Amino acid sequence: MERYNAREAEPKWQAAWDAAGLFVARRDPDRPKYYVLEMFPYPSGRIHMGHVRNYTMGDLVARYKRARGFSVLHPMGWDAFGLPAENAAIERGVNPADWTYANIAEMRAQMKPLGFSLDWAREFATCDPEYYGQQQALFLDFLEAGFVYRKASVVNWDPVDMTVLANEQVIDGKGWRSGAEVERRELTQWFFRISDMAEELLGALDGLEAWPEKVRLMQANWIGKSRGLEFSFPTQGAPEGHATLQMYTTRPDTFLGATFAAISADHPLAKALAAERPDVAAFCEECRRGATNEEALEKAEKIGLDTGITVTNPFAPETPLPVFVANFVLMEYGTGAIYGCPAHDQRDLDFARKYGLAVRRVFVPADAPVDAADEYLGQEEEAFVPPKTEPVRYVRPLAGGARMTGQEAIDAAIAKAEGEGVGQGATQFRLRDWGAGRQRFWGAPIPVVHCPECGIVPEKRENLPIKLPDDPSFDRPGNALDWHPTWRHVACPRCGADALRETDTMDTFVDSSWYFARFTSPRAETPTIAEDAGYWMNVDQYIGGIEHAILHLLYSRFFARAMIATGHLPETAAEPFDALFTQGMVTHETYSTRDARGRDVWHSPDEVRRSDGGAALADGTPVAIGPSIKMSKSKKNVVDPADIVDQFGADTARWFVMSDSPPERDVEWTAAGAEAAWKHLQRVWRLGQEALAAGEGVAEETDALRRATHRAIADVTEAIEGFAFNKAVAALYSFANAATKSRAPRAERLAAMKVMAQLMQPMTPHLAEELWSALGGAGFVTDAPWPELDETLLVADTVTLPIQINGKRRADISVPVDADRAAVEAAVLTDATVQKWLDGAAPRKLIVVPGRIVNVVL
RNA sequence: GCGGGCGUGAUGGAACUGGUAGACAUACCGGACUUAAAAUCCGGAGGCUUAACCGCCGUGCGGGUUCGAGUCCCGCCGCCCGCACCA
């Protein structure tokens with residue numbers, strides 16, 4: 001019997017599908033449409049197993065939906081702008097465009113042999129001028145509609161390389177290339193007004209029922225709506241223009257526990273003080289050292305400088321509060337000024353103890369002894385942060401009674417502050433505006449011109465795309481667009497005077513915030529075409545990594561709304577992704593040895609021979625086996641999909657990444673697992689051959705094989721619909737086991753194997769096609785409708801009920817499926833094991849859950 | 001630090017809405033076939049105890065709710081992801 005030869009079959013079927021145009025997406029008014037999209041890749045140069053897993057899932061869905069009669073759009077493109085290309089340019093002197101397009105060609109060549117049912121005619125890269133030119137048009141529309149503006153904001157600045165650093169490029173507060181201490185520096189930048197949409201973006205999350213709950217929760221927390229009090233306290237000793245200090249708090253019920261105030265180093269008052277006082281200036285400088293990311297700020301030691309200024313709390317005027325400049329207050333949130341309530345906030349408590357400030361209690365736990373209500377907290381005690389929903393005992397309420405929930409106390413405090421004209425209830429969002437510009441070469445140029453006469457002038461539409469120059473030079477630090485001899489020098493589009501082009505390029509998140517819309521009409525002369533966007537949008541199923549749960553998805557939701565407002569998308573596309581699935585990573589064991597200095601040296605899986613108890617290099621050196629973690633170059637625990645395709649074929653890789661682990665969880669790649677997948681595919685092929693060679697067979701086995709077939713149809717269908725591809729694989733294993741045992745007549749076995757080909761088609765399309773054709777199936781199995789389920793073949797006559805005695809399973813009985821409660825009870829009571837346990841007594845209770853379980857309580 | 005998630009045999013995992021824990025697979029053990037090996041086919045198996053049945057224990061740890069908890073509640077522990085200029 002001939003083996004299944006993937007190396008021959010796979011390219012053959014790929015060519016045949018291509019020639020038949022099976023995957024070309026067409027608007028078809030007679031069929032429901034289905035748009036399945038996987039997050040498009042960054043063209044790093046090689047595809048990895050994570051890509052294979054992601055695109056196999058999408059392909060499985062696309063193929064299944066086609067079989068179900070949908071007109072399917074399943075496109076692919078490249079998220080092609082970004083830092084790595086620029087780094088390659090700096091390190092190796094290559095042109096970012098050449099580097100990127102070479103990578104794309106390489107990755108496309110690795111992707112095609114996997115047999116994904118993609119409409120390659122729609123392919124584009126975000127660095128194609130045809131794409132980013134349309135993005136520039138969108139930018140101009142957004143500018144006109146007021147979605148874009150400029151303001152000053154803080155960046156990580158490398159003083160040696162004279163460049164802005166990404167957070168990723170800041171290692172322990174130092175620039176990754178220069179090693180210089182990073183500064184925070186203020187630049188005027190482009191922003192998208194996403195915070196204006198905070199309420200809408202938050203509220204609409206409720207409608208996203210086919211999104212993972214955790215993603216919705218993460219987005220909601222990111223948007224961070226809070227209700228609080230905005231108020232101002234009069235100051236003493238502050239410079240002119242700062243007679244009051246504006247503050248915001250989410251816990252106004254702790255007003256009377258305030259013992260200090262703190263402002264950000266970027267606060268106008270801090271800046272005014274710094275101008276006069278060297279100590280304040282020096283301290284503000286110190287606060288600006290280190291990275292800008294929230295994690296570093298939160299983890300950094302809390303430091304402050306007493307300015308000598310005080311503010312008066314109108315509800316406790318007898319003790320003015322000292323005002324500190326502090327490194328943990330963010331200018332971006334609230335008003336950049338807070339008051340500290342050390343008794344009820346651990347961070348404030350640490351700060352108060354460090355600087356010898358009073359710690360005044362406002363409330364105690366509801367069940368605390370009365371003497372715990374001392375005014376001051378003991379040195380050993382931790383801050384008491386109560387839940388908002390449970391009542392606590394207020395020993396120093398601003399308003400309201402002694403026993404309130406936090407929320408009641410907050411509401412009472414806001415009412416009182418408003419009544420006395422001290423402050424105003426206010427809603428705040430944590431969400432900040434989206435910094436849209438980057439001081440980098442390899443991105444879409446922002447299409448505006450700075451004119452000395454007219455100021456900021458949008459480019460003329462007919463000049464789009466504003467292309468990047470193809471001769472950049474990276475021999476000096478900073479943005480290559482700034483140093484280009486001619487590129488930025490243009491005439492003002494409005495007055496014609498000598499003017500300068502904007503050299504900031506767009507954040508790469510902009511590129512990925514609308515590519516899904518562009519796929520509906522990728523060659524159009526406008527960003528979208530109403531007919532196409534109207535037909536294909538929304539994305540019915542979006543699949544990608546959890547790491548994009550917040551930013552990419554939130555920005556895309558914003559963009560969709562802005563595109564509706566500027567006429568580029570239909571009203572119905574405000575939420576562009578109907579369903580979202582976040583898949584887990586592909587992991588692998590790590591292998592390491594130690595060098596002479598005791599440092600780890602990592603080894604790739606193909607350098608290592610794995611045996612029962614351990615692993616060793618080819619020369620016999622033993623290798624330490626580390627935990628299975630995400631495949632990464634630095635740990636060398638990478639398996640190249642191309643090698644797997646060479647060795648076993650695409651179907652083996654596809655089958656393996658769909659098996660075992662649930663799609664949302666990590667899957668561990670193992671050589672043994674890959675081999676097992678390959679063996680199973682061979683077995684399925686063999687089953688087909690055996691069915692073809694089968695003789696008359698045993699007629700009595702017909703029913704059992706039919707039942708197994710329809711059980712498989714039911715289970716695989718349900719598993720695919722529920723995104724439980726590992727269970728679909730398990731159901732197909734079971735079906736193969738049943739088919740192996742079956743001695744049914746030839747015609748029955750052939751029919752069963754045809755269903756096998758249909759059910760396997762979404763996962764292993766090449767094998768399925770080869771099998772289908774060998775069995776004499778008509779046309780392509782890829783083009784065949786999904787098998788029909790006969791539900792009558794799923795029902796059994798009898799059911800086995802487990803019997804528990806006091807909640808522990810002791811026996812089981814077999815009863816007819818339609819047995820009523822009395823019949824079940826009678827059967828239970830006559831069961832030998834039950835009688836043994838009852839020992840002549842009657843049960844205290846008999847719980848019968850029809851069709852599921854019986855519990856006898858003694 | 002803040003936000004989110006996960007934890008089940010040797011291993012990946014299954015278990016519908018609180019109802020037989022361990023489906024399916026890997027690795028392992030035994031058998032058939034073979035001069036032999038590979039491949040293939042058949043069978044076994046959570047742990048302890050036992051000749052076998054029986055029994056006891058068992059879903060990260062400690063409590064709780066329930067006739068019944070992997071699943072629900074409270075408190076811990078460990079690991080992973082995100083934190084706004086990586087994509």
Side-chain angles (χ1 to χ4, degrees), chain A residues 3 39-42 44 79 81-84 155-156 164-170 189 212-215 217-218 220-222 224 292-300 302 328 332 346-347 430-435 437-440 507-509 511-512 545-552 554-555 582 584-585 612 627-630 659-662 664-668 670 672-673 675-677 679-680 682-683 686 718 722 724 726-727 729-734 737 740-741 800-812 836 843-847 849 851-858:
Chain A
R3 274 187 169 182
M39 291 179 186
F40 64 165
Y42 177 79
S44 58
D79 189 12
F81 278 131
L83 271 179
V155 296
N156 298 312
V164 177
L165 296 178
N167 284 330
E168 194 187 55
Q169 299 172 316
V170 179
Q189 304 235 65
E213 184 59 37
K214 62 177 172 183
V215 174
L217 198 59
M218 284 161 86
N221 288 335
W222 186 262
T292 57
N293 60 318
E294 201 169 306
E295 183 192 3
L297 291 173
E298 291 288 332
K299 276 190 182 163
K302 312 298 178 255
F328 58 87
E332 286 81 13
Q346 190 59 42
R347 189 172 58 178
R430 205 183 77 96
L431 181 66
R432 309 200 294 258
D433 276 337
W434 168 16
R438 296 289 181 269
Q439 294 69 46
R440 306 188 192 290
D507 176 15
T508 54
F509 273 120
D511 312 333
S512 56
I546 185 71
E547 67 274 18
H548 295 291
I550 298 174
L551 291 180
H552 162 59
L554 191 62
Y555 292 158
T582 56
M585 297 177 302
D612 272 7
S628 192
I629 54 175
K630 181 178 182 173
S659 51
D660 290 345
S661 286
E664 67 275 16
R665 263 200 254 174
D666 292 353
V667 63
E668 183 182 8
T670 60
E675 189 138 340
K679 281 183 189 173
H680 180 71
Q682 290 294 342
R683 180 184 177 210
R686 220 166 31 240
E718 190 189 329
N726 56 322
K727 289 199 256 173
V729 168
L732 286 164
Y733 272 119
S734 295
N737 289 342
T740 303
K741 289 191 175 75
T800 301
L801 285 187
I803 302 173
Q804 294 182 333
I805 313 274
N806 284 344
K808 273 188 189 297
R809 181 174 172 272
R810 300 288 181 187
D812 46 44
K836 193 190 89 186
R844 279 206 296 155
K845 215 173 182 182
L846 194 57
I847 293 159
V849 184
R852 296 223 68 103
I853 202 164
V854 178
N855 195 4
V856 181
V857 185
L858 298 181

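So that the names make sense, note that chain A is the first sequence line, chain B the second, and so on, each numbered from 1. This is a predicted model, so every value here is computed, not measured.
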Please produce a list of atom pairs where a protein N or O lies less than 3.5 Å from an N or O of nucleotides 63-73 of chain B.
unit_1	atom_1	unit_2	atom_2	d
C67(B)	O2'	Asn855(A)	ND2	3.2
C67(B)	O2	Asn855(A)	ND2	2.4

Heavy-atom side-chain contact between Ser661(A) and Asn726(A) under 4.5 Å: no

What's Ala549(A) touching, base or sugar-phosphate or nothing? Going by heavy atoms closer than 4.0 Å. nothing

Just jot down the ring pair (Phe, Tyr, Trp, His ring centres under 6.0 Å) partners of Phe328(A), sequence neighbours excluded, or say none. Phe351(A)

Output yes when at least one side-chain N/O atom of Asn726(A) is less than 4.0 Å from OP1 or OP2 of A14(B), else no. yes

At their closest point, which heavy atom of Pro802(A) faces which heavy atom of Arg809(A), and how far apart are they? CB-NE, 3.9 Å

Asn221(A) or Val729(A), whichever maps to the more 5' nucleotide of RNA chain B: Asn221(A)

N or O in side chain of Lys808(A) less than 4.0 angstrom from C56(B) OP1/OP2: no

Can you tell me the distance, in whole Å, between the CG atom of Leu732(A) and the C1' atom of A25(B)? 13 Å

Nearest-Å distance for atom pair OH/P, residues Tyr733(A) and A14(B): 15 Å

With syn defined as a glycosidic torsion within 90 degrees of 0 and anti otherwise, which applies to G9(B)? syn

With sequence neighbours excluded, residues passing ring pair (Phe, Tyr, Trp, His ring centres under 6.0 Å) with His552(A): Tyr542(A), His548(A)

Can you find a heavy atom in the side chain of Asn737(A) that is under 4.5 Å from one in the side chain of Arg683(A)? yes

What residues form a side-chain contact (heavy atoms from CB on, under 4.5 Å) with Leu801(A), not counting sequence neighbours? Ile813(A), Val815(A), Val824(A), Val854(A)

Between atom NZ in Lys679(A) and atom C1' in U40(B), what is the gap in whole Å? 10 Å

Atom pairs, protein N/O to nucleotides 52-54 of chain B N/O, distance under 3.5 Å:
none

To the nearest angstrom, the NZ-C1' distance between Lys214(A) and C80(B) comes to 11 Å

Same-atom distance (P) from A69(B) to C57(B), integer angstrom: 13 Å

Would you mind reading off the distance between Ile805(A) atom CD1 and G55(B) atom P, rounded to a whole angstrom? 10 Å

Integer-rounded Å distance: U40(B) P and His680(A) NE2: 12 Å

Could you work out, with side-chain contact (heavy atoms from CB on, under 4.5 Å) as the rule, every residue matching Gln439(A), not counting sequence neighbours? Val164(A), Leu187(A), Gln189(A), Asp504(A)

Would the base of G12(B) count as contacting Asp660(A) through its side chain, where contact means a donor and an acceptor less than 3.5 Å apart? yes

Is there a donor-acceptor pair under 3.5 Å between the side chain of Arg438(A) and the backbone N or O of Asp507(A)? no

Taking only residues two or more places apart in sequence, or in another chain, which ones meet Glu295(A) in a side-chain contact (heavy atoms from CB on, under 4.5 Å)? Asn293(A), Lys299(A)

For the C1' atoms, the ones on C79(B) and on C85(B), what distance do you get once it is rounded to whole angstrom? 29 Å

Rounded to the nearest 0.5 Å, what separation is found between the CD1 atom of Ile546(A) and the NZ atom of Lys214(A)? 4.0 Å

Report yes if a side-chain nitrogen or oxygen of Ser661(A) is closer than 4.0 Å to either non-bridging phosphate oxygen (OP1 or OP2) of G12(B); otherwise report no. no

State the NE2-CZ distance between His680(A) and Arg686(A), to the nearest 0.5 angstrom. 10.5 Å

Write down the distance separating the P atoms in G22(B) and A15(B), rounded off to the nearest Å. 13 Å

Let me confirm one number: the CG-CG distance from Asn855(A) to Asn806(A), rounded to the nearest 0.5 Å. 7.0 Å

When rounded to the nearest 0.5 Å, the distance separating CD1 of Ile550(A) from OH of Tyr555(A) is 10.0 Å

CD of Glu718(A) versus C1' of A14(B): gap in Å, rounded? 13 Å

Can you pull every protein N or O that's under 3.5 Å from an N or O on nucleotides 6-10 of chain B?
none

For RNA chain B, stems built from three or more consecutive Watson-Crick or G-U wobble pairs below 3.5 Å: B:1-7 with B:77-83, B:10-12 with B:24-26, B:28-32 with B:40-44, B:46-48 with B:55-57, B:60-64 with B:72-76

Between Glu668(A) (CD) and G12(B) (C1'), how many Å, whole number? 8 Å

Let me know, please, whether Leu217(A) or Glu675(A) comes out on the 5' side of the other along RNA chain B by nearest nucleotide. Leu217(A)

If I pick the P atom on G63(B) and the same atom on C54(B), what distance separates them, to the nearest angstrom? 30 Å

Could you give me the CA-CA distance, side-chain angles and deciding distance for Trp434(A) and Leu551(A), then say whether side chain to side chain contact (heavy atoms under 4.5 Å, CB included) is met? CA-CA 10 Å; Trp434(A) 168 16; Leu551(A) 291 180; over 6 Å; no

Spacing of the P atoms in C72(B) and C81(B) (rounded, Å): 25 Å

Val667(A) versus Ser659(A), closest heavy-atom pair with distance: CG2-O, 4.2 Å

In 5'-to-3' order, the base (B), backbone-only (S) or no-contact (-) status of each nucleotide in nucleotides 82-87 of chain B, using a 4.0 angstrom heavy-atom cut-off, is SBBBBB

Distances under 3.5 Å between nitrogen or oxygen atoms of protein and nucleotides 41-46 of chain B:
none

Those residues at least two apart in sequence (or on a different chain) that pass side-chain contact (heavy atoms from CB on, under 4.5 Å) with Pro843(A) are Leu829(A), Leu838(A), Val856(A)

Is there a side-chain contact between Thr508(A) and Tyr42(A), using heavy atoms and a 4.5 Å cut-off? no

For the OG1 atom of Thr582(A) and the CD atom of Glu664(A), what is their distance to the nearest 0.5 Å? 7.5 Å

